[in-house]
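A short write-up of the structure that comes next.
First the proteins, then the strands, lettered A, B, ... as listed; each starts at 1.
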There are 2 protein chains.
Amino acid sequence: MNRASARRDTLTLEAIIEAAQRLIRRDGLASFSMRAVANELGVATMTTYTHVSSKDELIGLVQEAVSQEWAPIDLSDDGWEAGLRRFLLSQWETYQRYPGLAGWYMQQPEFGTKPESYSAWIAFFTKAGFNARDAELAWSVSQTYLMGRLAVDARLGRGRPTRSGPGLRAREYVERGVEVIITGIRETSAIATEGSPKGR
Amino acid sequence: MNRASARRDTLTLEAIIEAAQRLIRRDGLASFSMRAVANELGVATMTTYTHVSSKDELIGLVQEAVSQEWAPIDLSDDGWEAGLRRFLLSQWETYQRYPGLAGWYMQQPEFGTKPESYSAWIAFFTKAGFNARDAELAWSVSQTYLMGRLAVDARLGRGRPTRSGPGLRAREYVERGVEVIITGIRETSAIATEGSPKGR
DNA sequence: ACCTGAACACCGTTCAAGT
DNA sequence: ACCTGAACACCGTTCAAGT
């Protein structure tokens, strides 16, 4: 509530999340530990547990914070393909900076069930003329591919930065992969456009 | 070398791999430990290290053993789409039985670099009329999607068997997803068929 | 309510010692 | 060469105790 003070005095949940975020960005999720966060904050290990109930909960909070770094879903006048492409590449770029986070998140029970993002995606595709079934499939396939790609990308560059240009070749892979996904979605969905009722 | 005896007497690498395989199939990779393998074999924990140099190496050997459970790549006369579909679903079914294994493997440095499987896939797509660039992309995208899907599938049913029919809904997801991938590959690749030089 | 150190129940793996 | 128990360096987390 009060603006000033209470910064290096009292430990806050925000400070813990920020420290965790910084550590994952720097060293990757593989070497992330509760002891490391506490150490980063100059506090006893168990002190973090006053604000957070488990390691997984903390990583989940980091995931939520990170999820606000990428561009929001927007269906501009350049069509759903462009909007989806923009979103996926932005999401990829963000997760790239947190090695292992995407791989962790896709294995969590909450993955793909968060009502906010789920309904936002369904709305996005519905607005673009997809029916409910195709909208869900489009969302599922593109998210699964992207997170899978990120998990594969994280296999290199764990520990030290990637050699010879950070992820230039990786970026190419995603871009082409995303094109395959978008094309596949377009050609397998019945999209109600101003043109023909069925794609192709 | 000698046929009989040497079964419950001497510990063999094969027995260790089989025990590990059994444990991962039953409990998933998340709860898999070297102590659990040793316990399963009725042997001291460190005894396993006589035949294997690390936990990751052992999981890698399990992965190799498991990789021979699915149908081999075959380009029958029903086209690359049918061949790819058959292979991916067979691979999915196999990995489904080893929760967490696909998610682990896709994060390993070796993933996608094994010369045998890599060249077999390139040969598969080249034979179907793909150029080298499109062949590699097709292989990369389909493998990334499938492993990603398996990682997502593993998020439920960790610990105990899945409720209400094992993976019926999951199976639907992969089938539709694979269709999107195959269609995307077809429509973005320049395939030299007896018909037109460019797909669509 | 917030913070702490000691301790518990696990890990993978090293090491010195046995056969 | 094969097998072993003790020990080391880590984990996440519980607990009793402090403020």
Rounded to whole Å, please give me the gap between [atom1] in [X] and [atom2] in [N].
X: B:D56; N: C:dC11; atom1: CG; atom2: P; value: 16 Å
X: B:F32; N: C:dC10; atom1: CZ; atom2: P; value: 17 Å
X: A:M34; N: C:dT4; atom1: CE; atom2: P; value: 14 Å
X: B:I16; N: D:dC2; atom1: CD1; atom2: P; value: 10 Å
X: B:L29; N: C:dG12; atom1: CG; atom2: P; value: 10 Å
X: B:K55; N: D:dC10; atom1: NZ; atom2: C1'; value: 14 Å

*For DNA chain C, which residues in residues 35-54 of chain A have a heavy atom at a distance below 4.0 Å?*
A:R35, A:V43, A:A44, A:M46, A:T47, A:T50, A:H51
Please determine, by modelled atom types, if [X] and [Y] share a side-chain donor-acceptor pair under 3.5 angstrom.
X: A:Q143; Y: A:Y118; result: no
X: A:Q63; Y: A:Q108; result: no
X: B:D74; Y: B:S76; result: yes

*Residue among B:F125, B:F124, B:W121 satisfying ring pair (Phe, Tyr, Trp, His ring centres under 6.0 Å) with B:F87*: B:W121
*Would you please classify the geometry between the B:Y95 ring and the B:W70 ring as parallel, tilted or perpendicular, with 30° and 60° separating the classes?*
tilted
*Which is it for B:E110 and A:R155 under the side-chain contact (heavy atoms from CB on, under 4.5 Å) test, yes or no, and what are the steps along the way?*
CA-CA 9 Å; B:E110 315 91 71; A:R155 83 196 191 285; over 6 Å; no
*Can you tell me if NZ on B:K114 sees more than 12 non-hydrogen neighbours from other groups inside 6.0 Å?*
yes
*Are B:Y145 and A:V141 side-chain neighbours, meaning at least one heavy-atom pair lies under 4.5 Å?*
yes
*Side chain to side chain, A:D153 and A:Q96, heavy atoms closer than 4.5 Å*: yes
*Would B:Y173 and A:E136 count as a side chain to side chain donor-acceptor pair (under 3.5 Å) if you check the C-alpha gap in whole Å, the side-chain angles of each, and the deciding distance to 0.1 Å?*
CA-CA 10 Å; B:Y173 261 103; A:E136 192 186 326; 2.2 Å; yes
*How far does CD1 of B:I59 sit from CD of B:Q21, to the nearest 0.5 angstrom?*
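One gets 12.5 Å once the value is rounded to the nearest 0.5 Å.
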_Per B:T10 side chain, nearest of listed nucleotides D:dC3, C:dG12, C:dC3_ = D:dC3
*asked:* For DNA chain C, please output the secondary structure as dot-bracket, reading 5' to 3'. Pairs are Watson-Crick or G-U wobble, both atom distances under 3.5 Å; mark crossing pairs with [ ], other-strand partners with |, unpaired with a dot.
replied: ||.|||||...|||||.||
Atom pairs, N/O to N/O, protein against nucleotides 17-19 of chain C, distance under 3.5 Å?
none

